[in-house]
Amino acid sequence: MRAAYEDLFHLIEPLLQGVEKPSRYIDHEWGALSKPDARFRVCLVYPDTYEVGLPNQGIAILYRILNAQEGISCERGYLPWVDMADAMRSRNIPLLSLEGAAPLASFDVVGFHIPHEMAATNYLETLDLAGIPLLSAERGEDDPIIIAGGPSVYNPEPLAPYIDAFLVGEGEESIVEVARELERSRDEGLPRAERVARLARIAGTYVPSLYEVAYDSEQAPHGHAVPRADSGAPAVVYKRVIADFSATDPIAQSVVPYTELVHDRLSIEVLRGCARGCRFCQAGITYRPVRERSADQIVAAVARGLEQTGYDEVSLTSLSTTDHSQCECVLDRLNERLAGTGISVSIPSQRLDSFDPELAEAVAGGKRGGLTFAVEAGSQRLRDVINKNVTEEDLDRAMRAAFEAGWRRCKLYFMMGLPTETDEDIVGIARLADHVVELAREIVPKDQRGGVSVSISVAVFVPKSHTPFQWCGQLERDEVKRRQQLLLHSVRSRQVRVSYHDADVSLLEAVLSRGGRDIAPLILEAWRRGARFDAWSEQFDLDRWRDAASACGIDLDRVACEPYEIGQHLPWDHVSPGVSPGFLEREYRRAAQAETTPDCTRTSCTGCGICPRLGAENVIEGERK
Amino acid sequence: MSEENLFRLRVAYVKQGRLRYLGHLEVLRTIERIVRRAGLPYAVTQGFSPHMKISFTSALPVGTASVCEWYDVYLETYVPARRALASLRKASPADLAPYAAGYVDLRAASLSAALTHAAYRSTLELNDASALAGHLPQGAPSVGRALQILNALKAHGCITYVRGRKNKKMDLVNTLDGAMVTEFVREKDPHSHTESLRAPKPGEIGDLWGLALVTRSSEKGALRPEVLIRAWEKALAFWGQAGNHGLGAEEVVAEILAEPLVVEPYGVFAHYEVTRVSQQMETKDGKLVEPLPRPQDASGR
């Protein structure tokens with residue numbers, strides 16, 4: 001029998017005094033929606049703590065949309081932090097939704113957000129706490145249907161055995177179609193397997209149980225998924241794209257949290273998609289085409305959103321907000337409107353090639369905190385390889401302008417282990433950082449030089465599916481460590497602070513990004529050995545994963561580092577953001593020649609194939625500079 | 001805008017239900033958001049990082065409820081207090097709702113300085129009331145013994161306790177003006193999760209204690225009910241241990257306070273709740289008054 005939908009808050013209340021941040025578990029926030037007497041119930045779960053998950057725009061959008069549907073109620077769930085999870089487990093208290101404090105197992109649907117690869121064990125931790133069988137194949141008629149979607153859905157295979165159906169791409173429309181279909185099939189009394197199979201008829205829905213793994217050869221250890229005979233499932237599931245982005249509500253948020261969050265502000269998604277074409281970037285492919293909201297819509301949404309939420313900060317979010325053709329005009333109008341209210345406007349980051357100190361000041365409410373720029377690579381050659389179209393002159397000009405305008409602190413982001421990278425490129429990173437310090441020495445008055453700080457943060461490149469670098473392997477861990485040392489020793493100035501990502505974490509990220517369905521048992525084994533919250537460095541332990549890998553007969557380093565051959569089937573070929581394989585291959589070859597490719601919102605079509613495949617197109621409000 | 005042209009609106013609100021688990025900073029941030037949602041013409045500080053001009057009463061610990069919290073928010077234009085209160089109520093979660101508002105003199109002392117008297121009520125659920133009674137010295141009603149410990153704590157004068165990595169000292173001589181303990185028996189309705197309380201019949205042992213504390217604060221500090229309650233609990237637990245029954249209350253207290261108190265459960269109380277039930281200020285002639293001279297109550301509290 002299905003668990004009863006009932007309020008069990010009294011079970012967790014006695015635990016609240018003894019755990020960190022009890023406000024994570026109490027609900028009752030301003031704007032929380034609930035429908036005590038709905039016919040069909042969905043619980044959307046972010047696979048991390050409340051304060052990490054609450055700002056997520058994807059869940060916020062779907063939460064609003066589902067709750068606006070007649071008869072459907074949508075609640076939220078988060079993964080309790082380890083202290084609470086352990087306390088609940090030891091008392092046999094099941095995981096509860098937030099609004100109704102009802103067991104997750106009592107919902108019709110539990111939907112996971114997939115934010116990134118490192119959340120893998122948290123889905124299992126969530127299901128286990130909820131008392132729901134971990135494997136789709138083991139779930140019974142009364143268990144909820146487990147769906148998942150989000151930015152990291154573009155290689156679903158490592159999670160395939162745990163999820164009944166993946167929703168690929170923009171969920172605004174498909175979540176409602178999926179919910180309605182499941183409501184219908186439940187009311188018709190169909191068996192679970194058939195209800196799940198039917199979801200495959202909805203465009204953009206990948207039902208793993210309808211596919212089997214095929215192998216090209218012994219050299220393709222991960223295999224690739226093909227539809228089972230007579231399943232009727234499509235050979236390739238293309239992502240959904242909504243018909244008209246500008247017709248969606250620009251205010252995604254409804255819930256105003258009590259707990260302090262990392263992103264504790266109103267967010268307005270001003271633009272979706274980015275066509276800059278950085279070759280390492282998955283979002284740059286999977287969010288296309290590029291669609292802008294109009295300045296009028298943005299300004300009106302900010303005013304209405306602030307009124308509804310009472311926030312004192314609004315962020316204009318997107319993959320690259322300063323690319324919006326009306327960015328300056330929007331900021332001017334907002335700053336005029338918000339003058340004297342103590343409310344500030346922010347944008348996620350600025351591009352080096354278009355950095356404007358006036359703009360930077362406008363978004364910081366006159367404050368001069370730290371500036372951050374993504375430079376990505378240490379030489380022009382390598383920046384051309386990755387199609388990061390910024391030059392050393394851009395960096396020079398931007399940093400001069402920033403120091404002259406009174407900024408003192410900056411952080412530069414780089415990657416290590418990019419395809420074709422040599423020691424010269426690594427030394428180039430140090431040289432750029434030293435150059436910025438020299439600029440500061442030249443421009444900043446002597447008495448203020450103590451405040452100057454230049455930090456560089458170096459991530460390890462993780463090859464991602466559906467990018468021109470999807471065939472590449474990750475740089476071997478020992479070589480990563482050698483290059484990190486090389487970088488440290490190449491920096492001359494003592495004013496440069498160097499930080500780099502943990503090579504262990506990056507290795508696992510690559511395994512989970514590049515592997516196929518064969519990686520799924522590894523996740524289960526690692527979770528059994530205590531892995532959870534792997535995205536938190538204090539919780540992550542590669543040894544658990546190494547143990548699990550040897551139990552599964554998997555070589556982590558090989559999965560992460562062995563390149564794929566062009567022409568070979570890839571584990572993610574059957575789930576596509578619409579990009580044409582020929583385009584990715586062409587881009588890969590151009591990369592090897594260090595040939596750049598322009599941005600199609602500024603020049604003409606570069607032939608990625610996404611618009612024709614998805615029946616969509618770029619929507620640009622003005623003229624992009 | 002210069003200070004003199006501002007209007008100082010004083011607002012009373014509750015912190016109750018699940019929202020008593022909010023931390024002080026979470027409450028402050030939420031109230032600022034309520035003021036903005038209410039659309040009040042709040043004043044903003046000058047300088048690089050402008051923020052709302054608003055001030056609050058002293059922090060309530062996580063888990064402590066209150067029916068008498070206050071804040072002063074400075075407005076640039078006059079809004080009738082009733083109307084301001086109505087807007088604030090509309091913009092507020094029920095468990096943090098304001099219930100009174102009125103204007104006070106711009107030169108009046110700040111809330112945190114003026115509100116020197118606070119009273120708390122606590123309900124303490126005993127882990128195993130009969131076992132506890134068995135541990136206490138024969139023939140004495142447990143509540144009476146509990147009160148003896150409280151008096152002994154007061155006589156001891158202060159409690160040194162551990163907070164983070166530091167030891168802190170909480171004075172009791174100048175902060176604890178009175179304490180009272182009563183005993184209740186709980187009657188539960190098995191169908192709903194509601195319950196009612198009644199006084200024990202003769203010979204019956206209560207399963208809940210009610211604690212009332214009357215406290216006073218000064219620049220030297222205030223009483224923290226959770227510290228007092230844990231010290232009290234530790235003393236009761238110690239007294240209940242075999243071999244300690246013959247000790248006097250003063251000896252028990254001296255023993256358990258010999259080392260800095262770790263503020264954590266000691267097994268006597270299964271669960272307790274604390275509510276701040278009043279905050280008052282003292283006039284020059286020693287009278288205790290509410291923070292709003294004539295509460296311009298719009299809600300019929």
Side-chain angles (χ1 to χ4, degrees), chain A residues 6-32 50-51 84 98-99 101 255-261 264-266 303-314 338-344 361 364-369 406, chain B residues 1 15-54 61-64 76 88 90-96 125 192-195 226 230 263-265 269-274:
Chain A
E6 59 180 339
D7 187 330
L8 298 181
F9 189 76
H10 64 277
L11 294 181
I12 60 167
E13 185 162 16
L15 308 180
L16 294 180
Q17 286 278 22
V19 298
E20 266 179 45
K21 299 190 192 173
S23 61
R24 286 165 168 166
Y25 310 107
I26 61 174
D27 180 62
H28 289 212
E29 307 104 316
W30 185 254
Y50 175 91
E51 67 273 20
M84 185 66 162
L98 223 54
E99 287 82 354
V255 176
V256 183
Y258 300 112
T259 319
E260 188 165 10
L261 311 178
D264 205 1
R265 56 200 171 207
L266 177 69
R304 189 161 52 91
L306 289 171
E307 241 167 65
Q308 284 172 9
T309 60
Y311 276 117
D312 63 352
E313 185 183 345
V314 55
L338 297 174
T341 60
I343 297 171
S344 60
E361 199 170 330
K367 279 176 271 185
R368 285 184 185 77
Chain B
M1 184 172 280
K15 180 194 175 201
Q16 62 188 23
R18 290 189 196 177
L19 298 196
R20 72 178 182 278
Y21 295 107
L22 298 184
H24 189 54
L25 290 175
E26 293 174 334
V27 171
L28 306 195
R29 205 168 37 236
T30 302
I31 284 176
E32 291 188 5
R33 287 174 185 166
I34 291 169
V35 170
R36 281 189 292 264
R37 285 199 291 263
L40 295 184
Y42 61 87
V44 169
T45 60
Q46 305 294 310
F48 264 134
S49 164
H51 53 267
M52 185 182 294
K53 271 183 80 75
I54 187 166
V62 173
T64 301
E76 290 197 336
L88 288 167
K90 228 193 263 175
S92 173
D95 283 343
L96 217 53
E125 195 172 322
S192 61
H193 294 290
T194 58
E195 57 182 33
E226 76 278 17
R230 290 307 183 195
V263 184
E264 63 179 22
F269 306 129
H271 179 68
Y272 73 86
E273 282 170 19
V274 183

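By convention in this document, chain letters (A, B, ...) are assigned in the order of the sequence lines, proteins followed by strands, and residues within each chain are numbered from 1. Since the model is a prediction, treat every value here as computed from it, not as a measurement.
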Exercise. For residues A:Gly340 and B:Val44, report the shortest heavy-atom separation together with the two atoms involved.
Key: O-CG2, 3.5 Å

Quiz item: Looking at A:Val256, A:Ile343, A:Thr309, which one has more heavy-atom pairs under 4.5 Å with chain B than the rest?
Solution: A:Thr309

Quiz item: If you tally heavy-atom pairs under 4.5 Å against chain B, which of A:Gly18, A:Ser23, A:Gly31 wins?
Solution: A:Ser23

[X] side, atom [atom1]; [Y] side, atom [atom2] - distance, nearest 0.5 Å:
X: B:His51; Y: A:Thr341; atom1: NE2; atom2: OG1; answer: 13.5 Å
X: B:Arg29; Y: A:Thr259; atom1: CZ; atom2: OG1; answer: 8.0 Å
X: B:Leu19; Y: A:Glu29; atom1: CG; atom2: CD; answer: 9.5 Å

Quiz prompt | Minimum side-chain heavy-atom gap B:Arg36-A:Asp312 below 4.5 Å | solution = yes

Exercise. State, yes or no, whether a side-chain contact exists between A:Asp27 and B:Arg18 at a heavy-atom distance under 4.5 Å.
Key: yes

Exercise. Go through A:His28 and B:Asp95 one step at a time and tell me if the side chain to side chain contact (heavy atoms under 4.5 Å, CB included) criterion holds.
Key: CA-CA 9 Å; A:His28 289 212; B:Asp95 283 343; 4.1 Å; yes

Quiz item: Between A:Ile26 and B:Leu22, does a side chain to side chain contact (heavy atoms under 4.5 Å, CB included) hold up when you go through it step by step?
Solution: CA-CA 9 Å; A:Ile26 61 174; B:Leu22 298 184; 3.7 Å; yes

Quiz prompt | Heavy-atom contact with chain A under 4.5 Å, split by part of B:Thr45 | solution = neither

Quiz item: Between the main-chain N or O of A:Tyr258 and the side-chain N or O of B:Arg33, is there a donor-acceptor pair closer than 3.5 Å?
Solution: no

Self-check item: Under 3.5 Å: donor-acceptor pair, side chain of B:Arg37, backbone of A:Glu307
Solution: no

Exercise. Would you tell me whether B:Tyr21 and A:Glu13 have side-chain atoms, one donor and one acceptor, within less than 3.5 Å of each other?
Key: yes

